[in-house]
2 protein chains.
Amino acid sequence: MKTLPGLENVQTFLALAQDLNFRRTAERLHLDQSALSRRIQKLEQSLGFRLLDRTTREVSLTQAGQQFYRDNAELMRGYDESIQAARRVAEGKAGLLRVAYMAFAATELMPSAMLRFRQAHPYIDVRLEYIRTQGQKIALANGDVDIGYMIGPFDHPDFTALQLSSEPLYIATPRNHPLLLRPRIVPSDLVGQAIILGNMREWEEYRWRLNDMFSGEGIALNVTLEASNTLALNGLVAAGLGITIYPESLIGFLGRNVEVRQIMHPAFRSRTVLVWKRSNRSPQVQAFVQVAKQIGVHAP
Amino acid sequence: MKTLPGLENVQTFLALAQDLNFRRTAERLHLDQSALSRRIQKLEQSLGFRLLDRTTREVSLTQAGQQFYRDNAELMRGYDESIQAARRVAEGKAGLLRVAYMAFAATELMPSAMLRFRQAHPYIDVRLEYIRTQGQKIALANGDVDIGYMIGPFDHPDFTALQLSSEPLYIATPRNHPLLLRPRIVPSDLVGQAIILGNMREWEEYRWRLNDMFSGEGIALNVTLEASNTLALNGLVAAGLGITIYPESLIGFLGRNVEVRQIMHPAFRSRTVLVWKRSNRSPQVQAFVQVAKQIGVHAP
DNA sequence: GTTTATTGATGCACGAAATGCATCAAAGTT
DNA sequence: AACTTTGATGCATTTCGTGCATCAATAAAC
């Protein structure tokens, strides 16, 4: 391992960069001004370039100093977090696991995995967070969460994705809808049907997938109304304004004023995948994957 | 600024954690074994928990030590990079800017912005990378790139998105196609047309957007064939197997054996947005945005 | 224009802290 | 049972960082 220059004094530099005044900073660090002056000199010398321009009257960051400050302020925050993470582990908590989930995993997959996970690993702290599929990809890449339940498929070299379920889709209609008379519903039955869906902002990924399924069958997805929440969606359907399409895991949460029928078609399914960063080899993640994969129902 | 414990000795710990042997590591660091032993003791003491289990015969990382090693190996890599970045700045290079782009920005937007950027900021190194929209979101979040041209719209609190262009879509048909007889092409003309598109893996975002436009008009997007590259796409269209849909910026790259017509509809357009992390305030990014926004054609 | 106050840098003596050497106890190997 | 290798520890030595006093440069005050 190559030894990195100046590491000892980075904190000192950061403190100085904050108020750009040797005497004040020195006082704040309970240090003599001369000592501070020399620390910075030493840091600059070991780096090989200047971080600060100093006249006898004022101090300012050089371009390089600004760059160095931005980067290292961030890194020191990261170091602080790494200590806290390790301390949690040392204190018997086997660590922290941050799990993201979206609506389709919220009713079955996530809760039952969580139940078994808590039993198997009571000392791992779990932090749950509701994030939609698109946001999860970003949160995972950022390291804001460790693992996420999202709408699949998801394919990316930096991530591992494990398909947990593939559930059929259902239509939800008003109670007296003509479609209910049919013995079985297939996609072509939906041609020309007025369809009500959640709006793009909230349901982006799901709607894209639906669009894809429909166009795969050569059927226009005729969205006549959008709703921003599930209650409104249910109400609009019950009132006879159209039908909606729900994955199996959510139909239990529809009101009794609507009827549901499964769409019988191999492509009309919603897949849920568990995704984590390939580089994240923490035991918490591995343990969770182990548990979660046993919960997967209707797995591929 | 709170002072962070143990920072001086983290590198030493990392070196030791790599071969888990005090004597060998000490030698590698040109240090006495006793000194190394004490450094680690001191680090552990300042952290308040053990990092290593040591018997007189073998050394192993504790759980906390593993966690600490994983996190800090990463951080030290980051520190090394921060030095190099600052050094580049110090050497007169005004820094490094990593730009990602996708196909639709590759012909006009990105190259002309790049031209003007190099003239205005000759000392900023630019690294260009071809990444598709979905991958860019992840690369941005990871900090692998600074800024990206992607298919819009894109809305996320962590990012700033600037719409640069909104270009019309065109159909590309074989030379003798009946649609060419119409005075103008509107979306409803495409009902029932056999459409050939790039496959999902490569064209995911574009296809989703197309799906969305079509379903917005209540038209089925009837994809009869998929191709994995542009040449094949062009060939299949020319051979009369169907038509394809291209944004304006790419029609110049189609062969002479196909004809193009603009789709006349306000929603049938492709938007290109420039996206960067809101937290990334580096002057390179700001400078690039400044230049790129002046290039934007047909801006909103 | 002179004085005064404040800035960061520097010479020097001191002291804390890290190092190297020698040695020890523990544990596997022969 | 003798030997080797492991990491820990006591102690003398050296290194290195610190505080104090002071300096030169510069801006503000008079």
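Throughout, protein chains are lettered first and strands after them, A, B, ... in sequence-line order, and every chain is numbered starting at 1. Being a predicted model, the structure only gives us computed values, none of them experimental.
- Atom CG in A/Leu29 sits roughly 15 Å away from atom C1' in D/dG19 (whole-Å rounding).
- For A/Asn21, no side-chain nitrogen or oxygen approaches OP1 or OP2 of C/dT6 to under 4.0 Å.
- Both B/Phe22 and A/Asp32 sit near DNA chain D, but only B/Phe22 has its closest nucleotide nearer the 5' end.
- Look at CG on A/Leu43: it is 13 Å from P on C/dA9, rounded to the nearest Å.
- In this structure, the CD atom of B/Glu27 is 11 Å from the P atom of D/dT6, given to the nearest Å.
- Taking only distance into account, the side chain of B/Arg38 never meets the base of C/dT19 through a donor-acceptor pair shorter than 3.5 Å.
- A/Asn9 has no side-chain polar atom (N or O) that falls below the 4.0 Å cut-off from OP1 or OP2 of D/dG17.
- When distances are taken from the side chain of A/Ser37 to each of C/dT10, C/dT6, C/dT19, the shortest belongs to C/dT10.
- Atom-to-atom distance recorded for A/Glu44:CD and A/Leu51:CG is 5.0 Å, nearest 0.5 angstrom.
- Distance, A/Arg24 CZ to C/dT6 P: 12 Å, rounded to whole Å.
- One cannot find a donor-acceptor pair under 3.5 Å joining the base of C/dG20 and the side-chain atoms of B/Arg39.
- When the P atom of D/dG7 is taken as reference, atom CD of B/Glu58 falls 10 Å away, rounded to whole Å.
- For A/Ile40 and C/dT7, the CD1 to C1' distance is 16 Å, given to the nearest whole Å.
- For the pair A/Gln41 and B/Gln33, nearest-nucleotide mapping onto DNA chain C gives the more 5' position to A/Gln41.
- Counting non-hydrogen atoms of other residues, nucleotides and ligands closer than 6.0 Å to CD of A/Gln63 gives a total of 12 or fewer.
- A donor and an acceptor atom, one from each side chain of A/Arg116 and A/Gln294, are located under 3.5 Å apart.
- B/His121 and B/Phe117 have tilted rings, their planes meeting at an angle from 30° to 60° on a 0 to 90° scale.
- Checking the phosphate oxygens (OP1, OP2) of D/dT9, no side-chain nitrogen or oxygen of B/Ser34 falls inside 4.0 Å.
- Ring-plane geometry between A/Phe159 and A/Phe154 is classed as tilted, the angle between the planes lying from 30 to 60 degrees on a 0 to 90 degree scale.
- A donor-acceptor contact under 3.5 Å is not formed by the side chain of B/Arg54 with the base of D/dT6.
- Rounded to whole Å, the distance from CG on B/Leu36 to C1' on C/dT19 is 12 Å.
- Whole-Å rounding puts the A/Arg23 CZ to D/dA21 P distance at 13 Å.
- Nearest-nucleotide mapping onto DNA chain D: of A/Leu31 and A/Thr55, the residue sitting toward the 5' end is A/Leu31.
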